[in-house]
Amino acid sequence: MHNVRQVVILGHSGFIGSHLETALQAKNLHVVGRSLPEVDLSDAADFLNIATYFTPDTTIILVAAVKRQFGDSLDAFRMNLAIAENVCDLLMKKPVRQVIYFSSAAVYGEETHNVNINEETQINATSYYGLSKYASERLLDKAVTSCTSSSSLICLRPPLIYGPGDKGRTYGPAGFAAAAVECSPITLWGDGTELREFIYVGDICNIVLRLINVDFSGVLNTVSGTRYCFADITNLLSKKFPCLQVTSRERSKQKADNAFFPGKIYSVMGNDFLFTTLEEGLDKTLLYNFNECQ
């Protein structure tokens, strides 16, 4: 166990970062948040403005990234890699106690059929986003292991994270919930039965809260092991919105099921760690959406 004196969230103004900031502050931790437009984390010169926060008793949480919904392009890859490069450059000069990097389950491949994914599953990133995440993992690992033996790196690989305040309107719980509140139709690819896992953002915050106080380093899939499909989301929403319109369109790609084995995360978190069910997470997301509309 460790007493963390300072937590720096790089990307604190985004969906995940803002939830992390609130959760950590609620535990009376000293939290520093940095994001655009205050600092451009992809710009090396601008990045030096946060060098003062890199100290031996600091936890750095790197959640800043160009998301896939803003375009899966080579430019996005370069920007995401630049952020990781700038963090690595500063770490080599000013080591910290701990780095928690938000990678992605996309490193295993978005179109790969595998219903037993674990941390040892072969990397098969097929998107620029997934490639940038895995390359960043390796860069950060090199920097942390090279600079000092007292630093540690945790690479989190979450599947789709959803919850209140998600403005991304992604194909999944948050996007579908927003459509239901607005009385807009939801269109499923095919029958929507491809297996996925969706993680509530509050669970991610609870995982991070535990990780900053334990001796752990390495890769961790932040998954519960509970399998859902996109049709499960619309079925749950239909109970609350009887007039919900759900349509279907032909798949442009072959159906691929993804599901996870959660053995490692429970060994780190403990078997008492509870994940939010999809129904509970949707209820919390819908409540937020209703309040926003009023």
Side-chain angles (χ1 to χ4, degrees), residues 1-12 16-17 20 24 29-35 39 41-44 46-66 77-108 118-121 123 125 129-158 204-205 207-222 264-265 267-269:
M1 299 290 290
H2 298 279
N3 291 318
V4 180
R5 295 187 181 179
Q6 178 175 255
V7 180
V8 177
I9 303 175
L10 302 180
H12 79 300
I16 300 171
L20 284 170
L24 293 168
L29 293 168
H30 176 59
V31 181
V32 176
R34 291 295 180 267
S35 304
V39 58
L41 298 173
S42 68
D43 183 88
D46 213 8
F47 199 89
L48 292 176
N49 293 325
I50 64 173
T52 184
Y53 300 114
F54 278 55
T55 66
D57 55 6
T58 293
T59 289
I60 300 292
I61 301 177
L62 178 52
V63 68
V66 180
F77 172 88
R78 292 191 183 104
M79 189 169 293
N80 284 333
L81 210 59
I83 295 172
E85 288 173 0
N86 290 333
V87 173
C88 289
D89 187 54
L90 196 50
L91 284 173
M92 297 290 287
K93 301 169 185 173
K94 302 189 67 175
V96 299
R97 186 186 73 81
Q98 181 186 52
V99 178
I100 298 178
Y101 174 58
F102 272 75
S103 184
S104 170
V107 301
Y108 299 117
N118 60 45
E119 288 79 2
E120 303 303 319
T121 296
I123 300 301
Y129 179 76
L131 288 166
S132 72
K133 287 296 186 180
Y134 185 63
S136 296
E137 284 186 21
R138 304 311 305 147
L139 283 172
L140 288 164
D141 182 66
K142 179 68 174 177
V144 168
T145 55
S146 297
C147 61
T148 173
S149 59
S150 61
S151 295
S152 65
L153 170 67
I154 301 173
C155 292
L156 304 181
R157 293 176 178 170
I204 290 293
C205 294
I207 289 170
V208 170
L209 280 167
R210 292 201 183 191
L211 288 174
I212 62 176
N213 286 314
V214 299
D215 288 314
F216 174 79
S217 62
V219 172
L220 192 62
N221 293 336
T222 53
K264 188 172 183 179
I265 191 164
S267 71
V268 176
M269 294 291 106

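Any value given below was found using the heavy atoms of this structure, including those in side chains, with hydrogens, waters and symmetry copies removed.
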### Close side-chain approach of Leu10 and Val39, heavy atoms under 4.5 Å
no
### Task
Go through the steps for Val31 and Leu20 under the test side-chain contact (heavy atoms from CB on, under 4.5 Å), then give the verdict.
CA-CA 10 Å; Val31 181; Leu20 284 170; over 6 Å; no
### Message
So does Lys142 get a backbone contact from the side chain of Ser146, meaning a donor-acceptor N/O pair under 3.5 Å?
### Response
yes
### Task
For the residue pair Asp89 and Asn86, confirm or rule out a side-chain donor-acceptor distance under 3.5 Å.
no
### Message
When you compare the side chain of Ser217 with that of Leu153, does any pair of heavy atoms fall below 4.5 Å?
### Response
no
### Query
CG of Leu48 to CG of Asp43: how many Å apart, nearest 0.5 Å?
9.0 Å
### Task
State, to 0.1 Å, how close Gly11 and Leu41 come at their nearest heavy-atom pair, and which atoms those are.
N-CD1, 4.1 Å
### Query
For the atom pair CD1 (Ile265) and CG (Asn221), what is the distance rounded to the nearest 0.5 Å?
8.0 Å
### Task
Provide the closest heavy-atom pair for Arg157 versus Glu137 in the form atom of the first, atom of the second, distance.
NH2-OE1, 2.8 Å
### Pairwise distance OG1(Thr145) to CG(Leu140) - rounded to 0.5 angstrom
10.5 Å
### Summary
Here the pair of heavy atoms bringing Ala143 nearest to Met92 is O-SD, 3.6 Å
### Side-chain touch Ile212/Leu29, heavy atoms, less than 4.5 angstrom
yes
### Message
When you measure from the side chain of Ser151 to the backbone of Val96, do you find a donor-acceptor pair of N or O atoms at a distance under 3.5 Å?
### Response
yes
### Task
For residues Ser42 and Ala82, report the shortest heavy-atom separation together with the two atoms involved.
O-CB, 3.7 Å
### Message
If I take atom CE from residue Met79 and atom OG from residue Ser132, how far apart are they, to the nearest 0.5 angstrom?
### Response
11.5 Å
### Query
Does the Ser35 side chain pair with the main chain of His12, one donor and one acceptor, at a distance under 3.5 Å?
yes
### Query
Considering residues at least two apart in sequence or located in another chain, which fulfil the side chain to side chain contact (heavy atoms under 4.5 Å, CB included) criterion with Val268?
Leu211, Phe216, Leu220
### Message
Is there a side-chain contact between Leu91 and Val144 in this structure, where contact means two heavy atoms from C-beta onward sitting under 4.5 Å apart?
### Response
yes
### Task
Please name the pair of heavy atoms, one in Ile9 and one in Gly17, separated by the smallest distance, quoted to 0.1 Å.
CD1-O, 4.2 Å
### Query
If we ignore angles and hydrogens, is there a donor and acceptor under 3.5 Å between the side chains of Thr59 and Arg97?
yes
### Query
With Tyr53, which of Gln6, Arg34, Lys94 fulfils side-chain hydrogen bond (donor to acceptor under 3.5 Å, both in side chains)?
Arg34
### Query
Checking side-chain contact (heavy atoms from CB on, under 4.5 Å) for the pair Leu156/Tyr101: CA distance, chi angles, key distance, verdict?
CA-CA 6 Å; Leu156 304 181; Tyr101 174 58; over 6 Å; no
#### Entry: Between CG on residue Leu90 and CD1 on residue Ile50, distance to nearest 0.5 Å
6.5 Å
### Task
Calculate, to the nearest 0.5 Å, the distance between atoms OG1 and CD belonging to Thr58 and Gln98 respectively.
10.5 Å
### Query
Ser104: what forms a side chain to side chain contact (heavy atoms under 4.5 Å, CB included) with it, not counting sequence neighbours?
Arg68, Ala106, Tyr129, Lys133
### Message
If we ignore hydrogens and angles and just use 3.5 Å, is the side chain of Asn80 paired with the main-chain N or O of Val66 as donor and acceptor?
### Response
yes
### Side chain to side chain, Phe102 and Val208, heavy atoms closer than 4.5 Å
yes
